[in-house]
Amino acid sequence: MKLSESNTMVNLATAFASECQEGAKYQFLQIKAEAEGYENIGKICQEHSTNEMTHARIFYDYITNDGKDCVSNIDISAGYPFKSGTLIQTLKLVSGDELNQATVIYPNFAQIAKDEGFEEIGKKFELIAEVERSHYLTLEQLYAKLEKDCLYNSEKAIQWKCTECGHEDTKKTPWQICPICRAKQGDIKIPLQF
Ligand SMILES: [Fe+2]
Ligand SMILES: [Fe+2]
């Protein structure tokens with residue numbers, strides 16, 4: 001089967017559109033987080049945005065055959081949501097979208113690609129689904145910590161790190177102002193578990 005005549009081509013276009021809007025949404029979320037003093041969450045959003053745009057480029061390269069082909073139009077129903085809210089609400093909403101992509105959409109696209117004989121594309125959908133799952137796990141922990149107001153609290157002493165100067169200290173609650181560079185609490189790297 002030719003890629004141009006396959007369902008996989010439509011799925012690649014859908015995934016490309018989806019990744020682009022996710023890249024943009026993470027940038028909006030970064031602005032929201034930074035405005036509330038959470039530079040650390042902003043940095044995570046920035047990293048996720050870069051990841052999504054890289055995924056978009058990978059799908060784009062398949063669609064255009066590494067830039068050798070031009071495709072004038074692919075009709076898609078992207079099916080992605082337009083939702084927003086407070087920082088916590090948005091983290092929760094985006095996290096749900098990531099989970100859906102990781103566990104439903106991309107595994108489905110991977111199976112279709114393999115059934116149509118596009119083994120490599122199928123594998124790529126599977127690998128990218130794993131990244132989306134890691135995005136989901138990150139956001140899930142962030143909104144849970146924000147919701148419980150324990151972003152900077154730990155039941156036992158843990159190592160905290162300033163993302164600006166690299167200062168580290170092991171305790172239950174970290175500094176308000178970094179003793180070395182005077183960076184804010186919002187610059188402390190948030191400890192996450194995977
Ligand atoms: Fe992605
Ligand atoms: Fe993602």
Side-chain angles (χ1 to χ4, degrees), residues 3 6-34 38-67 71 74 76-114 116 118-147 151 163 189-194:
L3 183 62
S6 68
N7 288 317
T8 293
M9 186 64 144
V10 178
N11 293 342
L12 285 168
T14 303
F16 168 75
S18 171
E19 296 287 350
C20 287
Q21 65 90 26
E22 283 154 19
K25 277 209 283 199
Y26 273 120
Q27 288 179 37
F28 303 158
L29 197 50
Q30 179 186 354
I31 293 166
K32 201 187 281 264
E34 286 172 354
Y38 299 111
E39 275 76 8
N40 38 22
I41 296 179
K43 280 177 185 159
I44 292 170
C45 293
Q46 190 177 32
E47 186 183 324
H48 285 197
S49 176
T50 301
N51 297 159
E52 309 301 13
M53 295 314 291
T54 302
H55 301 166
R57 179 176 53 76
I58 290 159
F59 297 136
Y60 195 81
D61 286 345
Y62 278 122
I63 293 165
T64 62
N65 188 19
D66 286 330
V71 181
I74 304 172
I76 58 164
S77 168
Y80 49 70
F82 290 80
K83 299 181 273 192
S84 193
T86 63
L87 181 60
I88 298 177
Q89 286 167 343
T90 313
L91 284 166
K92 209 178 256 189
L93 291 167
V94 177
S95 136
D97 296 339
E98 292 282 18
L99 183 63
N100 188 34
Q101 200 172 37
T103 58
V104 180
I105 300 173
Y106 284 179
N108 181 36
F109 286 0
Q111 190 57 55
I112 292 168
K114 288 181 176 183
E116 290 183 329
F118 305 109
E119 192 66 30
E120 184 191 305
I121 296 174
K123 186 71 197 156
K124 208 73 84 167
F125 273 123
E126 285 172 354
L127 289 172
I128 292 175
E130 285 174 27
V131 179
E132 310 304 3
R133 183 175 151 73
S134 143
H135 288 172
Y136 154 73
L137 291 170
T138 300
L139 299 192
E140 187 192 38
Q141 289 179 66
L142 289 179
Y143 76 67
K145 284 173 187 286
L146 279 170
E147 217 160 39
L151 204 58
T163 58
K189 186 171 184 185
I190 301 161
L192 300 172
Q193 283 169 344
F194 297 96

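Note that ligands are numbered from 1 as they come in the structure, with each ligand's atoms numbered from 1 the same way.
Closest of all the heavy-atom pairs between Ala102 and Ala129 is CB-O, 3.4 Å. Here the shortest heavy-atom pairing between Ala13 and Ile76 reads CB-CG2, 3.7 Å.
For residues 19-30, the pairs satisfying salt bridge (charged side-chain N to carboxylate O under 4.0 Å, His left out) are Lys25-Asp97, with sequence neighbours left out.
Taking Thr54 as the reference, nothing meets the side chain to side chain donor-acceptor pair (under 3.5 Å) condition, with sequence neighbours excluded. Evaluation of the side chain to side chain donor-acceptor pair (under 3.5 Å) rule for Tyr136 yields Glu140 as partners, not counting sequence neighbours.
Take the Fe ion (ligand 2) and draw a sphere of radius 2.8 Å; the protein N/O/S atoms inside it number 5.
Side-chain rings of Phe109 and Phe118 stay apart, their centers remaining 6.0 Å or farther from each other.
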